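In what follows, a single structure is set out as structure tokens and then discussed.
Please read all numbers here as calculations on a predicted model, not as lab measurements. Chain A is the first sequence line, chain B the second, and so forth, proteins listed ahead of strands; every chain is numbered from 1.
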Amino acid sequence: MSNEAPKNDFIRQLIQEDRKGGKRGGRVQTRFPPEPNGFLHIGHAKSICLNFGIAKDFGGRCFLRFDDTNPATEEELFIRSIEQDVRWLGFDWGADLRFASDYFDAIYEHAEALIEAGKAFVCDLSSDEMRELRGVPGQPGKESPHRSRSVAESLELFRKMRAGEFPDGSRTLRAKIDMASPNFNLRDPVLYRIKRQPHPKTGTKWVIYPMYDYAHALSDAIEGTTHSICTLEFEDHRPLYDWCLEVLPIDKWTQRSSDERPNQYEFARMEVTYLLTSKRKLKDLVETKTVADWDDPRMPTIAGLRRRGVPAAALRDFCDRIGVAKAAQQVEFELLDHCIREELDKTAPRAMVVTKPLKVTIETLPAGEITALYAPNHPSNAEMGSRKVALSRELYIEATDFMLDPPKKFFRLGPGREVRLRFGPIIKCERVVTNAAGEVVELVCSHDAASMPGAGGEPRKVKGVIHWVSAEKNAVCEVRNYDRLFAAPEPSDVPEGEDYKKNLNPGSLETLPTAFAELSLAGSAPGSTYQFERLGYYVVDRDSQAERLVVNRTVGLRDSWAKEQSKE
RNA sequence: UGGGGGAUCGUCUAAUGGCAGGACGCAAGACUCUGACUCUUGCUAUCAAGGUUCGAAUCCUUGUCCCCCAGCCA
């Protein structure tokens with residue numbers, strides 16, 4: 001991550017060219033402009049890394065600006081979560097936190113100026129009528145009957161709109177551009193609408209709110225944005241963006257020359273297989289209680305990924321690796337998993353946890369005696385230290401590490417078979433105890449004293465090594481094994497008229513309420529990540545109690561045995 | 001049948017007229033007190049057809065396919 005070649009995507013190349021040409025004195029300023037109407041998801045992470053990354057690379061600034069122009073869907077809760085998520089991802093906007101609503105006064109004044117310049121008019125058409133006149137592809141639209149209204153009349157009506165004299169939706173302010181344009185965004189687009197809706201920041205001060213295209217171009221210019229980076233679907237909006245900057249007296253307002261105006265650039269949004277990135281559907285999952293909340297570990301939200309234990313560094317690495325281009329991106333989730341494993345392999349201390357316990361009694365070990373075994377916290381990084389794990393006569397192993405009738409390639413325990421206890425001795429399965437139903441409930445084993453670490457015996461190799469936890473010294477633990485929320489690579493892809501929830505993976509959460517963790521894990525702080533040996537990477541959940549650990553599986557270890565089995 | 005974009009291994013991405021490279025994935029093997037990690041080897045690509053050129057993924061022409069746009073959402 002740190003020793004990689006410098007990024008050189010097409011946007012950075014364009015910025016380089018700007019700088020080479022001396023444009024804006026080389027100044028680079030970007031912004032990340034979320035609408036606070038939901039939680040940020042993995043797709044936003046790409047945009048955050050791009051915008052903040054560019055500012056960093058070119059010694060510029062990146063603003064966090066909330067695009068809060070539609071109070072009908074926006075909430076304070078989302079503002080707070082977005083700030084938290086951007087910060088957690090590792091980016092700092094310093095003093096450059098803004099809201100489009102900070103500029104509402106300026107935006108309003110510019111609208112009056114636009115009317116006075118004869119470039120905007122108040123329109124009395126309903127949205128249905130407006131749609132009717134807008135026309136269809138290939139056909140020019142028709143001009144609104146109010147388009148020729150006098151400047152004075154439009155100005156008076158606009159002021160009355162602001163004063164709250166008209167009902168919601170009854171009038172709009174529209175730009176006067178070109179109803180015959182093949183680009184629908186230029187067919188006299190709406191600039192302001194009437195909406196009696198308390199706003200999270202401005203309260204009830206306004207009953208009219210500016211539309212995105214108009215407010216966004218103005219906000220960028222006011223802040224001094226140089227490179228306004230957005231996704232591909234706004235490509236068609238660029239002419240309107242440029243029109244606003246050209247026609248509005250914004251250069252005078254900012255006291256900057258026209259060379260300083262921002263330019264918009266578009267890149268392809270990212271999609272990841274098996275993940276959903278539609279805000280509408282994510283909201284639906286939360287509202288229908290399909291998942292616990294926005295930060296459910298199965299959610300592709302940044303909050304969900306965080307709670308699942310995904311390190312911010314892994315997410316940043318992922319965003320770096322997928323690159324930035326204009327062709328549609330459908331990234332395989334395996335790349336995300338790879339980035340997570342790579343980061344966690346380096347940073348997560350190892351521990352032993354038995355998630356599906358099978359009791360083992362080592363009859364050659366005396367009852368009541370505990371042997372402390374040395375266990376390094378990381379197999380290749382001694383700086384991470386070590387801890388002691390308790391070996392006792394009775395212990396638990398993973399039920400899946402025993403088979404009554406194992407195939408040849410099964411390197412684990414079976415009747416009469418030998419296996420090494422990780423960091424401990426080699427044991428041999430002498431007898432199998434079954435219950436009335438014929439189920440295996442306990443194994444009675446012997447141990448090879450010479451194979452005990454430090455015993456100085458002849459080094460002996462066995463093929464299998466399994467993890468285990470003492471039945472006497474352990475911490476009870478609830479394990480939540482999360483899997484992908486959707487079973488289909490494209491969750492939204494359902495036959496016409498069917499619900500995308502048909503693609504839900506019924507096994508996306510497996511809760512194991514009575515797992516046993518080695519005692520060293522007791523009292524681990526929420527957010528701590530571990531590799532549970534031979535199982536996967538886990539994070540301590542905030543639901544953890546002092547006497548009851550709760551852990552979430554971040555991602556499993558690669559499992560070539562499982563792969564081998566699935567071939568048959 | 002309007003406008004705006006885009007097509008390079010299965011996926012993502014490099015190349016900026018000069019050896020189509022990397023990553024993920026997959027396969028085989030080595031190593032191993034994690035069937036992990038690591039390592040080795042291998043796999044598969046320039047949308048098509050013409051043209052320009054000593055030389056084309058790159059330039060030109062024609063075509064094909066895919067995505068976005070008709071909110072008082074962003």
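- The separation of G18(B) from A56(B), taken at their C1' atoms, amounts to 10 Å, rounded to a whole angstrom.
- Comparing G4(B), C24(B), C33(B) against the side chain of Asp236(A) picks out G4(B) as the nearest.
- In this structure, Tyr274(A) atom OH and G10(B) atom C1' are separated by 13 Å, rounded to whole Å.
- Residue Ala327(A) has its side chain nearest to A7(B) when only A7(B), C33(B), A36(B) are considered.
- Anti is the classification of G21(B), since its glycosidic angle lies more than 90° from 0.
- Taking side-chain N and O atoms only, Arg420(A) has no distance below 4.0 Å to OP1 or OP2 of U34(B).
- Judged by the 6.0 Å and 45° rule, Lys195(A) forms no cation-pi pair with Tyr209(A).
- When each of U32(B), G71(B), A74(B) is scored by its nearest atom to the side-chain atoms of Lys463(A), the top-ranked nucleotide is U32(B).
- Whole-Å rounding puts the Lys326(A) NZ to C67(B) P distance at 18 Å.
- When the nucleotides C24(B), A74(B), C26(B) are ranked by their closest atom to the side chain of His237(A), A74(B) comes out on top.
- By the 6.0 Å contact criterion, NZ on Lys119(A) is open, its count of non-hydrogen atoms from other residues, nucleotides or ligands being 12 or less.
- G35(B) sits 32 Å from U13(B) when the C1' atoms are compared, rounded to a whole Å.
- Listed nucleotides: U32(B), G35(B), A15(B). Nearest to the side chain of Val465(A): G35(B).
- Remark: C1' of A74(B) and CD1 of Ile82(A) are 12 Å apart, rounded to the nearest angstrom.
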Could you walk me through whether Lys409(A) and Glu564(A) pass salt bridge (Lys or Arg N to Asp or Glu O under 4.0 Å), step by step? CA-CA 9 Å; Lys409(A) 284 168 113 177; Glu564(A) 182 76 27; 2.6 Å; yes
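- The phosphate of A74(B) has neither OP1 nor OP2 within less than 4.0 Å of any side-chain N or O from Lys279(A).
- Separating the P atom of C60(B) from that of U53(B) is a span of 16 Å, rounded to the nearest Å.
- To the nearest angstrom, P of G3(B) lies 16 Å from CD of Glu235(A).
- An OP1 or OP2 oxygen of A70(B) is reached within less than 4.0 angstrom by no side-chain nitrogen or oxygen of Arg187(A).
- Between C24(B) and His338(A), a contact under 4.0 Å exists linking OP1 or OP2 to a side-chain N or O.
- Of the N and O atoms on the side chains of Gln264(A) and Glu266(A), at least one donor lies less than 3.5 Å from an acceptor on the other residue.
- When each of U34(B), G71(B), C24(B) is scored by its nearest atom to the side-chain atoms of Arg422(A), the top-ranked nucleotide is U34(B).
- Nearest nucleotide to the Ile322(A) side chain, out of C33(B), G4(B), C12(B): C12(B).
- Listed candidates were G2(B), A74(B), G25(B). Nearest to the side chain of Phe184(A) is G2(B).
- The phosphate of A74(B) has neither OP1 nor OP2 within less than 4.0 Å of any side-chain N or O from Arg65(A).
- Residue side chain Arg412(A) reaches the base of G35(B) through a donor-acceptor N/O pair under 3.5 Å, judged by distance alone.
- Comparing A57(B) with U8(B), their P atoms are spaced 15 Å from each other, to the whole Å.
- Figure legend. G29(B) is base-paired to C39(B); pairs are counted as Watson-Crick or G-U wobble with both atom distances under 3.5 Å.
- Between A74(B) and Thr69(A), a contact under 4.0 Å exists linking OP1 or OP2 to a side-chain N or O.
- At the phosphate of C26(B), OP1 or OP2 sits under 4.0 Å from a side-chain N or O atom of Lys563(A).
- OP1 and OP2 of U34(B) both lie 4.0 Å or more from every side-chain N or O belonging to Arg350(A).
- Checking the phosphate oxygens (OP1, OP2) of C73(B), no side-chain nitrogen or oxygen of Arg280(A) falls inside 4.0 Å.
- Side-chain N/O atoms of Lys346(A) include none lying less than 4.0 angstrom from OP1 or OP2 on C37(B).
- With both ends at atom P, the span from U46(B) to A20(B) equals 12 Å, rounded to whole Å.
- G5(B) and G10(B) are spaced 25 Å apart, taking the C1' atom of each and rounding to whole Å.
- Of the nucleotides present, G18(B) is the one that pairs with C54(B) by Watson-Crick or G-U wobble criteria, both distances under 3.5 Å.
- Cation-pi check for Arg171(A) over Phe166(A) is met; the charged atom lies under 6.0 angstrom from the ring centroid and within 45 degrees of its normal.
- In summary, the side chains of Arg269(A) and His44(A) do not present any donor paired with an acceptor at a separation below 3.5 Å, with no hydrogens or angles considered.
- Atoms CD (Gln264(A)) and C1' (A74(B)) sit 12 Å apart, rounded to a whole Å.
- Taking the P atom of each, G42(B) and C24(B) are spaced 16 Å apart, rounded to whole Å.
- Between Arg269(A) and G5(B) there is no side-chain N or O to OP1 or OP2 distance below 4.0 Å.
- Between A74(B) and G22(B), the distance separating the two C1' atoms is 36 Å to the nearest Å.
- Proximity note for Gln329(A) (side chain, C-beta onward) versus C73(B), C12(B), A70(B): the nearest is C12(B).
- If you take NE2 of His378(A) and C1' of U32(B), they are 15 Å apart, rounded to a whole angstrom.
- Side-chain rings of Phe234(A) and Tyr212(A) approach one another, their centers coming within less than 6.0 Å.
- Partner Asn37(A) forms a side chain to side chain donor-acceptor pair (under 3.5 Å) with one of Glu75(A), Lys279(A), Lys283(A) and no other, that one being Lys279(A).
- Judged by atom type and distance alone, Glu334(A) does not reach the base of U11(B) through any side-chain donor-acceptor pair under 3.5 Å.
- Between Phe516(A) and Tyr396(A), the ring centre distance stays below 6.0 Å.
- In this structure U11(B) sits in a base pair with A23(B), meeting the Watson-Crick or G-U test at under 3.5 Å.
- Distance from the side chain of Ser560(A) is smallest for A36(B) among the nucleotides A36(B), U13(B), A70(B).
- Side-chain atoms of Glu266(A) stay outside donor-acceptor range of the base of G5(B), with no qualifying N/O pair under 3.5 Å.
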